[in-house]
Chemist: 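Submitted below is the structure of interest, expressed as structure tokens.
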Amino acid sequence: MCGIVGYIGFREAWPIVLKGLKRLEYRGYDSAGIALIDDQNLNIYKKAGKVKELEDFAAEKNLSGSIGMGHTRWATHGAPSDRNSHPHTSQDGQLSIIHNGIIENYATLKEELISRGHSFNSDTDTEVLIHLIEDIYKNNEVDLSEAVRLALKEVTGAYAIVVMDEKNPNQLIAARKGSPMVIGVGQGEYFIASDATPIVEYTKNVIYLNDNEIAFLKRDELEIKHLDNVVQTPYIQELELKLEMLEKGGYEHFMLKEIYEQPRSIRDCMRGRIYPEEGKVQLGGLKEFTDKLKNIDRIIIVACGTSWHAGLVGEYLIEEYARIPVEVEYASEFRYRNPIITEKDVVIAISQSGETADTMAAIEMAKEKGATIFGICNVVGASIPRITHAGVYTHAGPEIGVASTKAFTAQVTVLTLMAFYMAQQKGTITNSKLTELLTELDCIPDKIHAALQSNDIIKEVSAKIKDASNCLFLGRGSGFPVALEGALKLKEISYIHAEGYPAAEMKHGPIALIDEEMPVVFIATKNSSYEKVISNIQEVKARKGQVIAIVTEGDVEVKKMVDYCIEIPDASEAFLPLLATIPLQLLSYHIAVMRGCNVDQPRNLAKSVTVE
Ligand code: M6R
């Protein structure tokens, strides 16, 4: 939630910060603002709405300055408005701040500050923090760096902040706790951002700031300290990110590009990990834990949203092949309900962004109780991979569309590999069966490519159901999490109310909703529950529901009874979720476009949910 960018160097800061904010807009788009210092004057421009509105608003203004910082907001404290937009300033206007996160004790701090004569211009927690810094700075005879450090020691909650001082245009101060922050290291210049995307075109050398660290950046000098005042040695890493990964590459939307990238992203995810001829899976990240995997009693998967749906697919696969009991938990519920966890448990945390607050809290809790934590994450260097014991990156590449697509299929691919890896270690699968499955898995990217060829038919179906107010998605077995994911995609980008259900559960309630206006999407591919799904389709047809069925190529039986059919290539049940998801992504994409919705930045959402 919220994106932050900072620059100090020899170039004009405005274009760098503005472009950076556009790259980070997926993190929140309620308002945007930029602060610059030009000849000892602090100029702040901020506007409710998207970064484009800020750009238009500031077009004719003085935008010079080689030090600057910007913010794109996902509102928590205070409505999206100009006055609540960041940057915020101190009482005297000398200091300014941008902030991603939540200051939990802001109300108490605010009361104290008011009693000492401070007054506030916004409803935000962030403004309280800059006033606190100012208060300490003025009343304690310390320099600004020390004032920031002391203020942060009084704060509870999560933050990534950047502070600028009008009187010192040769310094940016940045700090993090619980919210991500990357520093780009250039020649005579430094960059700061919530992730590496605003930085990659200027430098490949980055430092991921750790929790409880403060960075003091001058044009030619960087010092990092722990909040306890101990100087840290920065670890500079080289980015693997490429600029072209961040562009739309000719597609109308990032979401469509990311849907079409899936043959490639799944191939990247499997690269170097599967050896079909030998019937072997290799997961370097888990190697150290091979013995542990042979003896675990239980796996708990924690995640949110789409990643949670991937976890449900993982449950089917791990139980089927590795014969280990799996529980799948919403991280937000798990963290607050004192679950029974022992040292024998393995917790798998799944997250595209690697920054989801609830998932991080669930990890910390399970870690305290002695569990071994594996992460499945897409963003390299994010917080989750750094707090887990081991893990497997999905390598899907940057996912910019707020609705998750290629990250989901990559998570499912990793879980498939993990299930096979554990089965291999535990001896619950024969080498010939594993060889057969891996040979088929190796062809899944081509089958996804084939599934994408149904785009024109899907577009036609989308046109028929785009005006529906409600939609049901039904599936059985691992088709159930696919149905959940299909429903989530539709509701988040087209704002049509949609529900995913196990097909057999329909008759226990949702069947009451069915009439001729109600589209019902069935995952009706040829697998073990095919016949049963056919019965469920008949139940819907008997009540005049409109049925859209995702079927296996060449199917004739389902075709006879439904309104619209979308074919996917035939595959073993283990790989059904990877294929059946594709048409559902395209369906929600086209419906959202036809309804005039903002596909890449749906209302009220943000890509990275760093608040609970
Ligand atoms: O980054 P994470 O995978 O931890 O994010 C979890 C959810 O916030 C995310 O999947 C969300 O549900 C997406 N909008 C789904 O498209």
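As the structure lists them, so they are numbered: ligands from 1, and atoms in each ligand from 1. Keep in mind that what you see is a predicted model, and the values were worked out from it rather than measured.
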Chemist: Under 3.5 Å, side chain of Arg23 to main-chain N/O of Pro198, donor-acceptor pair present?
Modeler: no
Chemist: What is the ring orientation for His86 with His71, classed by angle as parallel under 30°, tilted 30 to 60°, or perpendicular over 60°?
Modeler: parallel
Chemist: Would one find an N or O of Ser353, backbone or side chain, under 3.5 Å from an N or O of ligand 1?
Modeler: yes
Chemist: At a 4.0 Å cut-off, with the gap strictly under it, does some heavy atom of Lys489 reach an atom of ligand 1?
Modeler: yes
Chemist: Among all protein heavy atoms, pick out the one at the shortest distance from atom 6 (C) of ligand 1; state its residue, atom name and that distance to 0.1 Å.
Modeler: Cys304 O, 3.3 Å
Chemist: Do Glu25 and Lys50 meet the salt-bridge criterion of a basic N to acidic O distance under 4.0 Å?
Modeler: no
Chemist: What's the spacing between Ile465 CD1 and Ile496 CD1 if we round to 0.5 Å?
Modeler: 7.0 Å
Chemist: What atoms of ligand 1 come within less than 4.0 Å of a heavy atom belonging to Ser307?
Modeler: 2 (P), 3 (O), 10 (O)
Chemist: Can you find a heavy atom in the side chain of Ile458 that is under 4.5 Å from one in the side chain of Val461?
Modeler: no
Chemist: Identify the closest protein heavy atom to atom 9 (C) of ligand 1: which residue and atom is it, and at what distance?
Modeler: Thr306 N, 4.1 Å
Chemist: Any atoms of ligand 1 less than 4.0 Å from a non-hydrogen atom of Val402? List them with their elements.
Modeler: 13 (C), 14 (N), 16 (O)
Chemist: Under a 4.0 angstrom heavy-atom cut-off, which atoms of ligand 1 come close to Ala403?
Modeler: 16 (O)
Chemist: Are there more than 12 heavy atoms of other residues, nucleotides or ligands under 6.0 Å from atom CD1 of Ile340?
Modeler: no
Chemist: Specify side chain, backbone, both or neither for Glu492, according to which of its non-hydrogen atoms lie closer than 4.0 Å to ligand 1.
Modeler: side chain
Chemist: May I ask you to identify the nearest protein heavy atom to atom 8 (O) of ligand 1, giving residue, atom name and distance to one decimal place in Å?
Modeler: Val609 CG2, 3.8 Å
Chemist: For Ile161, does its backbone N or O pair with a side-chain atom of Asn100 as donor and acceptor, under 3.5 Å?
Modeler: no
Chemist: Is there any N or O on Ser351 that sits under 3.5 Å from an N or O of ligand 1?
Modeler: yes
Chemist: Please tell me whether Thr124 and Asn84 have a donor and an acceptor in their side chains that are separated by less than 3.5 angstrom.
Modeler: no
Chemist: To which protein heavy atom is atom 4 (O) of ligand 1 closest, and what is the distance rounded to 0.1 Å?
Modeler: Thr356 OG1, 2.4 Å
